Structure formats: structure tokens, C-alpha cells
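Any value given below was found using the heavy atoms of this structure, including those in side chains, with hydrogens, waters and symmetry copies removed. Keep in mind that this is a model prediction, so the values were computed, not measured. Note on naming: letters A, B, ... go to the chains in the order of the sequence lines (proteins, then strands), and numbering restarts at 1 for each one.
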Protein chains: 2
Amino acid sequence: MSTPENTLRAQIEKLVPLSDADWDLLLPHLELRMVKKNTLFAEEGKMGKEVGMILEGCMRHYYTRDGEERSTYFYFENALVGPYLSCITGQPSQISIDALADTQLIVFPYKRLAELFDANKTWERFGRKLAEWALIGVEERMVGLLTLSPEERYNQLLAGNKQKIIERIPQHLIANYLGITPVSLSRIRNRITKK
Amino acid sequence: MSTPENTLRAQIEKLVPLSDADWDLLLPHLELRMVKKNTLFAEEGKMGKEVGMILEGCMRHYYTRDGEERSTYFYFENALVGPYLSCITGQPSQISIDALADTQLIVFPYKRLAELFDANKTWERFGRKLAEWALIGVEERMVGLLTLSPEERYNQLLAGNKQKIIERIPQHLIANYLGITPVSLSRIRNRITKK
DNA sequence: CCGTTTTCTTGTCTTTTGTTATCGTTTTGA
DNA sequence: TCAAAACGATAACAAAAGACAAGAAAACGG
């Protein structure tokens, strides 16, 4: 049955297959949560405590530098989301996560996941796979920043598996994501449509 | 005793403490290797098979784009080095690694590590910690590229725990690492010394 | 539904970065 | 040891991006 819980389980099982017994170790700790548009799910300076998966809506992951927000990731339905680095380092979060639209989540305490890492080899493997998967994503992102021009990065966004970003995220936040100003992005779009 | 093997063990134990029994599972698979200056340790297009730790020397991790080499990481003594992403994805490597000086390594097959992940909870945890540690590093790097100017990135290199890069890496490769041209880096250095 | 706010575009000007080329200096390898 | 290659600084010019401002368009909230 396609309950929110089962959707989460399916996402987890993309990394590691779980027995029902494994799953039952996490299941009681799940909680449904609504995060209203423009409110925070995680906040800079606070300890990361919870992670979750988006059932409906979308969220933004951002740093604050010189009082300016720098958006670094966007999350949509079925994405795992949370102050992951804070959770694994045990340091206060350097980032905030807010909702760009009313967002329905299924969340659980990272602490519970850490307990499962200790208790259970399958969950420990999930922890490895999760980190590896995240690493692959960031590395790809970093290489894009290092080797592609802003225009190429935008085209890559159009071509790749990230159209959701184009479709659902305001342009000035996309500019942010690409490491350029909104004005520059507008000009890039102008250039492209003329081709 | 400070053998090469023990140095590697110490590096691994920075992430996860090992019992002697755990260690003995990897020990027989270690191999000393010399990689001569300007020769490859890993090559784009090939499957990643081995990872290792530098005993002496230094290495460079780079992508090739439009026939140009884009250096992304540098490794020195005690650093773990290898085509890690290729190893974990099972895809051909997108990067090459070469030696910038004659480099002495202690290497082992990633395949053996994967066997240990399957066989042993401690090693599985090491796999998680390793990926998490790598993730933290790349994320920091990515945020720098996204939120700092080239000059700020260079200053960060000077100030941070990366002086080795300044000291031991040719400037045009550092420029590469910062995502700028050698000429730009030369200007930045000129500007800084005048302050 | 209307007024306000946010978002996007466009123009001008300035700054930064890239490109290309030149010139010492250093390093390298035969 | 010596010629060739690599490296770094610098200059002149071109291209790209940023800053700032004004105005149109779209979204939002009461």
C-alpha cells in the first residue's frame, strides 16, 4: 500500500534492501509534519536533530554570508532532506532549510538513525550508501562550478535531470544556485532564447 | 613501531578504531608502490581498482575538459588517495590521478575493502565514516566556490590548513584548483603583496 | 478585486576576469 | 652541460560579470 511510510521505505531501499524487521526498527519513530511556506525546517546555528523525506512541496537549503542568503540545494517530492552535515559532525548547522511552498514531510530523529547504525549492520550500510550517494552529488556539482561557465551550468540544468528546478524555483534563487547574480541569469536566458 | 603499515592503520583509526583482528583482515593485501613523477596512478576511462595512502611525495586529481586538465585535489603525505568515486559507483573513472613528484604509496585493492564491508561491521562503519569525511570536504569546497570570490578563496588557502598546497604545488595548478586562470592568480598575488 | 510586494528584464557604467603575447627565470631531460 | 620546455610576471585588449537603477510583469494578501 502506498502510505507515506511505504514511500519513505521505497526511497531507503533504493540504497539498501531492508527486511521487515529492519524497517520496524525505524517505523515507530516516524512522524508526519507540515512545514508552512517560508518557515524553517532547520536553522543555522542550531544542532541538526531531524531528517526527513518530502511528501509534497519543496524546500531550499541555504547558507548565509554577509547577511545574504546563498541557496545551495532544492528538494522536491521524495527527496531526503535535513541538516545532514550537522547531524554527522555533531556541530551546529551552518545552513538553514526552509519551505518554498507548504511542505508535507515524514521525519525522524537522526539520533534514532545513529542508534540503528550502532545496532544493525544493514542500517550501518544504509549510512554508508547515503553518504556515498550525497558525495557523488556534491562532487558533480563542484566539478560543474570548477569547469563550466555560468551559461554552460544553466544549460546543464535545462538538459539534465533537474528540470524541476527550472520549473518550480524562482529565478533569483536559481541564479544563486548557479553562483551568479539574478541579473546575469536574466541575460543568459535572453542570450539563449535568441539562438 | 612506525612502519608504513602502521601509519596507514593510524590514518584509518582516525575514523574508526580497529581491533588487531580487524586490521589483520586488510594487512595481507597491502602493497608498497612507487609512482614516478608525471606518471599515472589512476586513469580516466578505466575502472578504479586501487586506493592507497601517500607515504612520501604528492599527487594530483584532475578532470579533462576540452583537452584541458582541470586539477581538483592535491594529496600529500598521509592522505588517502584513489579513484574513489569510480570504486563506489562501479563506473569508469572520470578522473585521472598522477604524481607531481616521485611518490611512495601503500596501496590495496578497493575490492578487498568492499569484501570487508560485507564481512565486518567495523569495516562497514569505516566505509561510512570515510564517505562522510569526504562529503564534508567537498561540501566545504563547493560552498567556497559558490560564496567566495577568487581572491577570498586564495586567502582562505593561505590562512587555512592547506598551506602545503601553496608551498608545494605549481601556481598554474593552484589557479586551476581555485577555478581561475594562472594570469588571474598572478594578479591576485600581486594585489595581495601590495597590501 | 485591488493595491502592495516580489520577481524579472533591461540599460548604463564599472570592475573583474579571460585571452594573447612577450620576456626573464627556472627546471628538465637528453 | 646545454638546449628546450615549463613557469611566472606583466601588459594590452576583449569579454564577461557585477552594481545600480528604473520600469514592466507577476504573485500575493487582505
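- No continuous path of ILVMFWY side-chain contacts below 4.5 Å connects A/L100 to A/V35, so the two sit in separate hydrophobic clusters.
- Between A/L100 atom CG and D/dC28 atom C1' there is a gap of 15 Å when expressed in whole angstrom units.
- The NZ atom of A/K36 sits 11 Å away from the P atom of D/dG29 (whole-angstrom rounding).
- The distance from atom CG of A/N176 to atom C1' of C/dT7 is 14 Å, rounded to the nearest whole Å.
- For the pair A/M53 and A/E77, the minimum side-chain heavy-atom distance is 4.5 Å or more.
- A cation-pi arrangement, defined by a distance under 6.0 Å to the six-membered ring centre and an angle within 45 degrees of its axis, is absent between B/R191 and B/Y154.
- In terms of heavy atoms, A/G144 sits closest to A/R153 at O-CD, 3.6 Å.
- A pairwise comparison of heavy atoms in B/E44 and B/S96 identifies N-OG, 2.9 Å as the closest pair.
- Between A/R33 and A/E50 there is a salt bridge, with a side-chain nitrogen of the basic residue lying less than 4.0 Å from a carboxylate oxygen of the acidic one.
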Handout entry: Nucleotide-resolved protein contact map, nucleotides 25-30 of chain C, B/S/- at heavy-atom distance under 4.0 Å
Key = ---S--

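- At least one cation-pi condition fails for B/R60 and B/Y177: the charged atom is not both under 6.0 angstrom from the six-membered ring centre and inside a 45 degree cone around its axis.
- A straight line from CG of A/L178 to P of C/dC8 spans 13 Å, rounded to a whole angstrom.
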Problem - Base versus backbone protein contacts along nucleotides 5-23 of chain D [heavy-atom cut-off under 4.0 Å; B, S, -] - result: --SSBBBB----SSBB---

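- Residues A/L40 and A/I97 fail the side-chain proximity criterion, which asks for heavy atoms closer than 4.5 Å.
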